[in-house]
Amino acid sequence: MSDVYAQPTTGVDATDVRALASYTTLRMGGSAGRIVPGNSAEEIVRAVREAGIRDEPVLVLAGGSNVVIGDAGFPGTVVLVRSRGLKVVAEDADTVTVRVEAGEPWDELVATTVTNGWSGLECLSGVPGSTGATPIQNVGAYGQEVAETITGVEVYDRVEGVAGRIDAADCGFAYRSSIFKYSDRWLVLSVDFRLARSPLSGPVRYAELARALGVEVGDRVPLADARATVLRLRAGKGMVLDAADPDTRSVGSFFTNPVLDRTAYELFRERAADLAEAPSWPCPGDMVKLSAAWLIDKAGFGKGYPGPGGVAISSKHTLALTNRSGRASAADLVALAREIRDGVHSRFGVTLHPEPVLINCTI
Ligand SMILES: Cc1cc2nc3c(=O)[nH]c(=O)nc-3n(C[C@H](O)[C@H](O)[C@H](O)COP(=O)(O)OP(=O)(O)OC[C@H]3O[C@@H](n4cnc5c(N)ncnc54)[C@H](O)[C@@H]3O)c2cc1C
């Protein structure tokens, strides 16, 4: 199919048209019962409702860049989110609010906003996947997250069988989380973003990005410079999809950064007393966020660390687990993830949690 999300079928049985590996950036996952493309909000809702009437389980899949699908596949209907479109729904002298259909490819949206002089998404350049998935885990990178610009989400409520709007304040946005994550209830149909009319980015918050731009944290830069620099930094870490780069056959970061309460943090510091001070960031409620990449590295799992069947930690980024061979199974990936999680726990007493949604597999 000519759809922008379909992945090349390297290492996948190309004769199996229901092989979900073809629809995921990890190139893993067994077959679906059936796959139904939804090319508009109406088609997506209809496909989900019809599967419900048949009493079949439903998996909503868009770019497949944040899922690990087990080797047994998904024994139900997979609805592909392929709706496209963007329209301006409100504007004034300073801001513009755009309504974006769920299937709109995220990075194409970011490129459009940069071209139009709409500021607020530029640091999220290069994140793979669809616009409709960005509220699911409050997508964030380089000091920006979508919770800052989303004003509301149009949803279909699968429990009540009605469509409606959820305002941003009710989306439960938190670090890599929202009310939508791990919930089968909500189908995201479109997302509203309020963006500033400005040729300049928001204040650059991420020290590495500021350094690369040659500015101070808090400065603003031309939107196009922010986008180009983020894309360059991400590519250096294997965080921009590239069919020629096996380090990008991943879900991006596999683990979220752990957030500890004060007691757990002090216990961690005792366990890490023999090492240089670990990077940490204060969080609301007297919590402390640690770097999962640092923990993994210091627990003995460096870049390139191999697992079974051709999976490995990315050679460019400690947090990305990759299907390096292109032929590894989800069981292989899960085995490596378990080894890392258990290794970090036994070294530091800190439990890492996966960032992607696991479907018919578990770590
Ligand atoms: C190389 C790489 C780099 C990445 N970098 C980042 C990063 O910097 N920051 C970040 O936050 N993430 C990052 N990710 C993760 C991923 O790109 C994002 O989470 C993205 O938003 C997922 O979009 P998707 O369309 O691929 O979702 P999918 O993987 O298709 O789906 C993810 C989950 O959302 C659900 N879902 C998808 N669409 C809908 C919908 N319309 N309605 C209801 N549920 C839906 C699915 O059922 C599933 O549970 C990265 C991934 C890769 C591969």
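Counting starts at 1 for both ligands and their atoms, following the listed order.
- Other cluster members for Val36: none, since no ILVMFWY side-chain heavy atom sits under 4.5 Å from it.
- Ring centroids of Trp281 and Tyr206 are separated by 6.0 Å or more, keeping the two rings apart.
- One N or O on the side chain of Arg158 and one on the backbone of Asp184 form a donor-acceptor pair closer than 3.5 Å.
- In terms of heavy atoms, Val58 sits closest to Phe74 at C-CZ, 3.6 Å.
- Without hydrogens or angle criteria, Arg327 side chain to Ser325 main chain gives a donor-acceptor distance under 3.5 Å.
- Both tests pass for Lys289 against the ring of Tyr175: distance under 6.0 Å to the centre and angle within 45° of the axis.
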Which N or O atoms of ligand 1 sit under 3.5 Å from a protein N or O, and how far apart is each pair?
from	atom 1	to	atom 2	distance (Å)
ligand 1	5 (N)	Arg234	NH2	2.8
ligand 1	8 (O)	Arg234	NH1	3.0
ligand 1	8 (O)	Arg234	NH2	3.3
ligand 1	9 (N)	Gly140	O	2.8
ligand 1	11 (O)	Gln137	NE2	3.0
ligand 1	11 (O)	Gly140	N	3.2
ligand 1	12 (N)	Gln137	NE2	3.2
ligand 1	17 (O)	Ser65	OG	2.8
ligand 1	17 (O)	Pro128	O	3.1
ligand 1	19 (O)	Asn66	ND2	3.3
ligand 1	19 (O)	Gln137	NE2	3.1
ligand 1	25 (O)	Gly63	N	2.8
ligand 1	25 (O)	Ser130	N	2.9
ligand 1	25 (O)	Ser130	OG	2.7
ligand 1	26 (O)	Gly63	N	3.3
ligand 1	26 (O)	Gly64	N	3.1
ligand 1	26 (O)	Ser65	N	2.8
ligand 1	26 (O)	Ser65	OG	2.6
ligand 1	29 (O)	Gly64	N	3.4
ligand 1	29 (O)	Ser65	N	3.0
ligand 1	29 (O)	Asn66	N	2.8
ligand 1	30 (O)	Ala62	N	2.8
ligand 1	30 (O)	Gly63	N	3.3
ligand 1	30 (O)	Gly64	N	2.9
ligand 1	41 (N)	Val188	O	2.9
ligand 1	42 (N)	Val188	N	2.9
ligand 1	47 (O)	Val60	O	2.6

